Amino acid sequence: MTREAVTGARRVVVKVGSSSLTTAAGGIDPERVRSLVESLVGVRLRGAELVLVSSGAIAAGLAPLAFRRRPRDLARQQAAASVGQGLLVHRYTEEFARHGHVTGQVLLTVDDVTRRSHYANAQRTFDKLLELGAVPIVNENDTVATSEIRFGDNDRLAALVAHLVHADLLVLLSDVDGLYDAPPGDPGSTRFADVRSFEEIAHVRVGGAGGAGVGTGGMETKLDAARIATGAGIPVVLTSAAHARAALEGEPTGTLFHATGKRRPTRLLWLAHATEPKGRLVLDAGAVRALTERRASLLPAGVTGVVGSFVAGDPVEIVDQDQRAVARGLVNYGADELPGLLGRSTRELARELGAAYEREVVHRDDLIVL
């Protein structure tokens, strides 16, 4: 029996990890890439649109730079990504071209999808590529990303891209063929065919990074990605790259995570899951209620403290008097401006300092309650 959530999807995002594309020593495995692309083109043949989120840039750059293993320091990772990204996309371009499909490269950083103007540009690029029939090949821009502005892993990036492009399905390909109730190699371990609620798998213990030693993700990051996507109304299939064709044809391989929530404003989903706060705003009880119950904007009168160093437009965590996080938002003032405004009404501030100070500390359109 085929999965209707898969066969009925008109726009599909597929994420593939480094270990499914490269040798353990680094370097692209041409046969693996060819096999993957042959599995993916079936999505296009049935008339659906495809977005591919692909790891592998750093891994592909290891061998050409004579690195024996993935480097730990950021500078050498960026150098490997710079060399490897071109090799990776070239290989994809050639393989998709054999089937008559054009590809386009999209490299993203966190700033590209949390700041308003950058976010709109990213969305327009995806929309136009898909409208023109191209296959976007997405990766984090490892050549310029720093530890402070990273998504952290491409599983989470894929879940966020799936929401950005209004996908109907997210497929996570790994070197494991699904979620098991115990390590897959253990006798008696059982694969979950369907997960309808994360409460069903609360007892499952998963480790961190695994695989062939060239990637950064593990089962934990895949479950985080599945939680983000399904919570935003997008079903997820988790399986191995070897089973990609069967999974994309709707066969009951791997694990299907059913959608648990509804779509949310896209940029706010990125704000909740893709940003690292640059500071904290401490609120009084009245402001907490206004944000959480009335979905109001945050005004200076309700802020009692400022922690950290940030500028206007940066993401900040919003906490109550007990330092519990209640929301996250993009702040309209820098950390150096705010102390003189705290506890005062916007009308008073505008009268004393000018109309520019009548603005909110965080506008409700730039705020998500956690």
Side-chain angles (χ1 to χ4, degrees), residues 4-16 33 36-57 85-86 88-141 151 154 156-173 225 228-229 232-237 244-245 247-250 259 262-271 273-274:
E4 291 184 9
V6 175
T7 56
R10 308 311 302 164
R11 183 171 288 182
V12 180
V13 173
V14 177
K15 183 267 175 181
V16 62
V33 177
L36 172 68
V37 171
E38 287 176 349
S39 299
L40 297 179
V41 294
V43 173
R44 297 302 311 276
L45 289 174
R46 64 177 172 84
E49 295 171 324
L50 173 68
V51 177
L52 175 60
V53 178
S54 178
S55 301
Q85 185 64 35
L88 181 66
V89 171
H90 176 67
R91 180 64 63 183
Y92 277 130
T93 299
E94 285 191 331
E95 293 302 329
F96 274 104
R98 291 176 60 241
H99 300 275
H101 299 298
V102 174
T103 60
Q105 177 178 250
V106 181
L107 297 177
L108 296 174
T109 66
V110 168
D111 263 4
D112 290 328
V113 289
T114 51
R115 296 185 184 272
R116 284 183 181 179
S117 59
H118 296 196
Y119 174 86
N121 289 335
Q123 195 163 43
R124 278 195 296 269
T125 298
F126 279 113
D127 287 346
K128 187 55 67 174
L129 283 169
L130 292 169
E131 178 187 321
L132 294 171
V135 177
I137 312 265
V138 187
N139 197 357
E140 181 163 12
N141 194 348
F151 293 102
N154 272 355
R156 183 167 58 157
L157 173 61
L160 295 166
V161 165
H163 199 266
L164 175 68
V165 303
H166 303 290
D168 304 304
L169 176 70
L170 170 62
V171 179
L172 300 173
L173 300 178
I228 293 169
I234 304 168
V236 176
V237 174
R245 186 191 299 268
L248 289 165
E249 290 175 352
K262 297 181 179 179
R263 289 194 180 275
R264 305 161 73 179
T266 311
R267 193 168 61 89
L268 296 186
L269 193 80
W270 288 80
L271 181 61
H273 295 287

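Values in this document were obtained by computation on a predicted structure and should not be read as measured data.
Residues Ser55 and Asn154 bring a donor and an acceptor atom of their side chains to less than 3.5 Å of each other.
Under the side chain to side chain donor-acceptor pair (under 3.5 Å) criterion, Thr93 pairs with Thr103, not counting sequence neighbours. Contacts of Glu38 classified as side chain to side chain donor-acceptor pair (under 3.5 Å), with partners at least two apart in sequence or in another chain: none. In this structure Ala159 satisfies the side-chain contact (heavy atoms from CB on, under 4.5 Å) test together with Leu170, Ala225, Ile228, Ala229, sequence neighbours excluded. With sequence neighbours left out, the side-chain contact (heavy atoms from CB on, under 4.5 Å) criterion links Val6 to Arg3, Leu169, Val237. Applying the side chain to side chain donor-acceptor pair (under 3.5 Å) rule to Ser39 yields no partners; only residues at least two apart in sequence or on another chain are considered. Considering only residues two or more places apart in sequence or on other chains, His90 meets the side chain to side chain donor-acceptor pair (under 3.5 Å) condition with Glu94. Every residue meeting the salt bridge (Lys or Arg N to Asp or Glu O under 4.0 Å) condition with Glu49, not counting sequence neighbours, appears here in chain and number order: Arg11. Applying the salt bridge (Lys or Arg N to Asp or Glu O under 4.0 Å) rule to Arg46 yields no partners; only residues at least two apart in sequence or on another chain are considered. Applying the salt bridge (Lys or Arg N to Asp or Glu O under 4.0 Å) rule to Glu4 yields no partners; only residues at least two apart in sequence or on another chain are considered.
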task = Tell me, with the steps shown, if Glu249 and Thr7 meet side-chain contact (heavy atoms from CB on, under 4.5 Å).
result = CA-CA 6 Å; Glu249 290 175 352; Thr7 56; over 6 Å; no
task = Start with the C-alpha distance between Leu36 and Leu173, add both sets of side-chain angles, then the distance that settles side-chain contact (heavy atoms from CB on, under 4.5 Å), and finish with yes or no.
result = CA-CA 10 Å; Leu36 172 68; Leu173 300 178; 3.7 Å; yes
request  = Output, in order, the C-alpha distance, side-chain angles, deciding distance and verdict of side-chain contact (heavy atoms from CB on, under 4.5 Å) for Val12 and Val51.
outcome  = CA-CA 6 Å; Val12 180; Val51 177; over 6 Å; no
request  = Give the C-alpha distance, both sets of side-chain angles, the deciding distance and a yes or no for side-chain contact (heavy atoms from CB on, under 4.5 Å) between Leu40 and Tyr92.
outcome  = CA-CA 11 Å; Leu40 297 179; Tyr92 277 130; 5.7 Å; no
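When all heavy atoms of Lys15 and Ala158 are compared, the pair lying nearest together is CB-CB, 3.6 Å.
To the nearest 0.5 Å, atom CZ of residue Phe96 and atom CZ of residue Arg91 are 13.5 Å apart.
Between Leu107 and Gln85 the shortest side-chain heavy-atom distance falls below 4.5 Å. Counting heavy atoms from C-beta outward, Ile234 and His163 have side chains that approach closer than 4.5 Å.
Exactly one of Leu172, Leu157, Leu160 qualifies for a side chain to side chain contact (heavy atoms under 4.5 Å, CB included) with Val53. That residue is Leu157. Partner of Ser54 under the side chain to side chain contact (heavy atoms under 4.5 Å, CB included) criterion, out of Val138, Asn139, Val14, Val16: Val16 alone.
Between the side chain of Asp168 and the backbone N or O of Arg10 there is at least one donor-acceptor pair closer than 3.5 Å.
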